[in-house]
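Taking it in order: structure first as structure tokens, then the write-up.
Naming: A, B, ... by sequence-line order, numbering from 1 per chain. On a predicted model such as this, the values are computed, not experimentally measured, just so you know.
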Amino acid sequence: MTTLAFDTETHPFANGLMAPPAVCLQYDEEHEGRAIMVGEAIEGFAHQMLTRCIKHGIILVGQNTAYDMGVLAARDLTLLPLIFEAYDVARVHCTRIRERLLDMAKGNTGPQTRQRGYYSMDALVVRRKLPITVDKKNPWRLRYKELTDVPVADWPEEAVTYALDDPTATRLIYDSQSADARALRYEGFEAEAARQAGFDFTLHLMGCWGVRTSQKRVRELLVRTDARLAELVPLLVGAGIMTAKGSKSTKRIQSLVEASFSQDGMQPPKTGKGAIKTDKETLEKCGHYAELGLVVEHSYLAKLRSTYALKLVEGINGNIHTSFHTLGADTGRTSSSGPNLQNQSKKGGVRECFVPRDGFVFVGADYDAQELRTLAQACLDICKYSRLAEAFKKDPDFDPHTSFACGVMGWTYEDAMARKARGDKEVKERRQQAKAANFGFPGGLGAKNFRGYARGYGVNLDLEEATRLRNQWFEQWPEMKDYFDHVKWVSESGKLVQLRSQRIRGGVGFCDGANSYFQGLASEASKTAVYLVSKACYADPDSPLYGSRPVMLVHDEIILESPEATAHEAAQELQRLMVEAMEMWCPDIPARATPALSRCWSKDAEPVIENGRLVPWDLPQPSAKAA
DNA sequence: GGCATTGGCGCC
DNA sequence: AAAGGGCGCCAATGCC
């Protein structure tokens, strides 16, 4: 199959201008040569290359292809169905994604690979020792805007060369990567690379569309946090913990911690590197110094302000355009940055700042017990049997947490579920304990560390209780013994082949290996769902999702903006496609996803049904009269 | 002043 | 035998 590498030069990229106007579209086609298209020839050639990709099997390659496809789509919306079709037939590639996949396979995922520019074209050319130089210092690199609608014949030579060399370098990188994958005996590399490229495109569209924040709520959030911080600062300065400039002295905090523990006849807890810990848990144990309690509160508010509230201002007049990273995590999970929309606080009114555009409502859905279902599928694939899988098959709404609580307490499942529905306190407590077990133990957690882990779920156990619980957990899910035996074997070679995608993770150990299988599988399902949903939103006029826009993926949760009038239908379709995606990756396990409409993002949002239709959930209105 | 590291913490 | 993992961001600190 022949390859056609392409690239676009555009007006400068900026926040809010995620898919800027194209100046030219250049290509380098194997055996055919190179050319630069400008003006209307851009959409003409784009149409042609996509059609040839779909109908005649040529492979399209780019460096950061999602960006170029976004640029082309913004220029000519009628290209969108063709773009999706080209991704569908798995013949669109991205050299950045491919390089990252190869690095993951080699276990080359250290901090240097997270640096800016590590996957830039010039870096790839150098690292792969390719016979071409990419001139990143070329003065025209960021000046193509000046050449808009200028015939190429009138371009300075440097601008022509730079534009043409990009696709050539891309093609060389692509070939070099294919050879690399063969040398690594990376089965399924090309298919996996094409799949991830498609995911990358739809995640890029999400970032381009962006999400709004409410001016009123952001302002209230800032006023609230600032007011309390203003009260805390003088107290902390007075206690000698904070300098006049407003920064906290870690040293001073550590000496107070040490003093407090020593008054209790104890040694202060230390970090892995030997420093005295200053985290919330430690400070709350320092009863002799009440000011350390103020430090905890200050730290919480400072984080709320700097990491969250201040970043939300951007979304008031413009939109917040995060970057989703398709293979951000070594397990295959996505990540998000600038800002990270995947770790927005559920407390403090942060999520509630996110609101849909006028005329739209949020349509969200999250998977029900996604990682336990992928774990069940992983056990079926690896161990050839799974009690967890059997339970999901028997009851698609199976609740693994209540089930394990029953195993521990000797209750029947039906009885416990009935008690749970009534809000029974004991069931709730035991279920919480079981939840910690079900989330922690599959990753290889030991009894000792489980105690600290469970504390995060509000569960306090001594070592003996933790050990007993762990043993009971292995009795409940006997396949897990075989699962860990397999993981141990894999960790000895360090090469883990992800289930079904065949993506390789190199340099893997025991716990990360144990996590990789089910976390990786879940990430495929979620990304596939985003892909299918985006295609419906952007390119399928017959879909109830057409005209909706995906705005967020938070691992097992997808949020769209949908026109209010058809949001009910959009929600049903979102749910259907999410279930379909999950069952593509976990064909032996039934999947569930729960949709809801809302007027803001919130952990409290739940499905509200009126006259058989979903209607938007909203925050409870504060009563008109305060006391 | 800029850069890298560490500790801490938000989320799934 | 034992073994949570995965992120990104911020403040403080230390080094050049």
Under 4.0 angstrom, heavy atoms only, what part of the nucleic acid is [X] near: base, sugar-phosphate, or nothing?
X      : answer
A/S299 : nothing
A/T334 : nothing
A/K280 : sugar-phosphate
A/R114 : sugar-phosphate
A/Q344 : sugar-phosphate
A/R505 : sugar-phosphate
A/G338 : sugar-phosphate

How many whole angstroms separate atom [atom1] of [X] from atom [atom2] of [N]?
X      : N      : atom1 : atom2 : answer
A/Y308 : B/dG8  : OH    : P     : 17 Å
A/K245 : C/dA11 : NZ    : P     : 14 Å
A/L496 : C/dG6  : CG    : C1'   : 14 Å

So, are [X] and [Y] salt-bridged, with charged N and O less than 4.0 Å apart?
X      : Y      : result
A/E281 : A/R455 : yes
A/D330 : A/R100 : yes
A/E352 : A/R217 : no

Could you tell me whether the phosphate oxygens of [N], OP1 or OP2, come under 4.0 Å of any side-chain nitrogen or oxygen in [X]?
X      : N      : value
A/S335 : C/dG8  : yes
A/K251 : B/dG7  : no
A/R351 : B/dC12 : yes
A/T271 : B/dG7  : yes

What's the closest nucleotide to the side chain of [X] if the choices are [options]?
X      : options               : value
A/D330 : C/dG6, C/dA3, B/dC11  : C/dG6
A/D556 : B/dG10, C/dG6, B/dC12 : B/dC12
A/S337 : C/dG5, B/dC9, C/dC9   : C/dC9

Can a cation-pi geometry be assigned to A/R195 and A/Y531, taking NZ or CZ under 6.0 Å from the six-membered ring centre and within 45° of the ring axis? no

Are there more than 12 heavy atoms of other residues, nucleotides or ligands under 6.0 Å from atom NZ of A/K280? no

Do A/K303 and B/dC9 share a donor-acceptor pair, side chain to base, under 3.5 Å? yes

